Amino acid sequence: MMIKQAKFTVSVADFHKIPDYGAPEIAIAGKSNVGKSSFINYIVNQNKLAKTSSEPGRTRLVNYFELNAGQLYFVDLPGYGYARVNRAEKQKWGELIEGYLQNSPNLINVFVLMDIRRVPNDDDKMLLNYLYQYAIPFTVIATKADKLSAQQRANSLKDIAAGLGVGTGDIIVTSSQAKTGRDKVLARMEQLLEACKTEQ
Ligand SMILES: Nc1nc2c(ncn2[C@@H]2O[C@H](COP(=O)(O)OP(=O)(O)O)[C@@H](O)[C@H]2O)c(=O)[nH]1
Ligand SMILES: [Mg+2]
């Protein structure tokens with residue numbers, strides 16, 4: 001697919017207030033600092049659409065981005081697993097993420113972003129278990145591929161695939177910095193949109 005237009009629409013801090021645009025949504029999930037905002041900016045080809053930060057743990061909101069005048073939405077979920085927050089705050093984030101995943105009427109797929117240098121930890125596995133439990137389809141996307149050599153990437157992909165219980169071939173490898181992997185992501189998005197059209 002082609003992305004001709006993208007704009008921020010709304011941020012919500014409470015899942016009871018999630019909007020219903022009546023168009024398919026792809027949620028972007030992953031640890032704090034994994035590169036979610038950079039990924040969105042890269043894919044929509046707009047430098048400053050989603051706020052990026054070198055300081056982890058800043059996004060505590062669900063942010064909606066409209067693509068192609070309402071053809072679909074990217075939903076940037078708050079990053080999980082940030083160590084330096086207290087338990088009450090962690091619980092609030094969990095409720096917001098799970099509240100969105102359980103209640104969004106338009107969610108078609110969750111893009112689960114994984115830093116290519118990190119093996120999945122308990123937080124990642126908890127998200128995957130949750131997606132399996134509620135039968136929410138997902139796509140694993142490795143970020144920051146520019147940080148590793150080709151050989152290191154191949155090894156890391158095996159570890160990530162094994163840790164999450166998916167095939168290495170199912171993982172889309174990207175780098176927002178080196179600008180690689182966009183075509184594969186767009187092809188996946190097109191496939192997802194086609195599939196939800198034929199279901200209707
Ligand atoms: N080398 C490299 N750095 C990246 C890439 N994507 C994001 N980053 C950096 O990782 C940090 C966190 O990025 P951000 O998009 O804000 O992550 P988020 O917290 O998941 O939204 C920032 O310092 C980015 O510049 C990438 O593909 N390659
Ligand atoms: Mg972010």
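As the structure lists them, so they are numbered: ligands from 1, and atoms in each ligand from 1. Predicted, not measured: the structure shown is a model, and the values here were computed from it.
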A.B. asks: Does the residue G79 have a heavy-atom contact with ligand 1, meaning some pair of atoms that are separated by less than 4.0 Å?
C.D. replies: no
A.B. asks: Between F111 and F138, does the ring centre distance come in under 6.0 Å?
C.D. replies: no
A.B. asks: Using 30° and 60° as the class limits, which term best fits the ring planes of F74 and F39: parallel, tilted or perpendicular?
C.D. replies: tilted
A.B. asks: Looking at S38, which atoms of ligand 1 are within less than 4.0 Å of one of its heavy atoms?
C.D. replies: 6 (N), 7 (C), 13 (O), 14 (P), 15 (O), 24 (C)
A.B. asks: Between V34 and ligand 1, find which residue part has any heavy-atom pair under 4.0 Å and reply side chain, backbone, both or neither.
C.D. replies: both
A.B. asks: With a 4.0 Å cut-off on N to O distance, would you call K31 and D124 a salt bridge?
C.D. replies: yes
A.B. asks: Grouping I, L, V, M, F, W and Y whenever their side-chain heavy atoms are under 4.5 Å apart, do I28 and Y130 come out in a common cluster?
C.D. replies: no
A.B. asks: Take every heavy atom of T143, measure it against each atom of ligand 1, and state whether any distance is under 4.0 Å.
C.D. replies: no
A.B. asks: Just distances here: any N/O of S32 and N/O of ligand 1 closer than 3.5 Å?
C.D. replies: no
A.B. asks: Relative to atom 1 (N) of ligand 1, which among D146, T174, D76 owns the nearest non-hydrogen atom?
C.D. replies: D146
A.B. asks: Identify, by atom number and element, the atoms of ligand 1 in contact range of K36, meaning under 4.0 Å from any of its heavy atoms.
C.D. replies: 15 (O), 17 (O), 18 (P), 19 (O), 20 (O), 21 (O)
A.B. asks: Counting from 1, what ligand 1 atoms have a heavy atom of G35 closer than 4.0 Å?
C.D. replies: 7 (C), 13 (O), 14 (P), 15 (O), 17 (O), 18 (P), 20 (O)
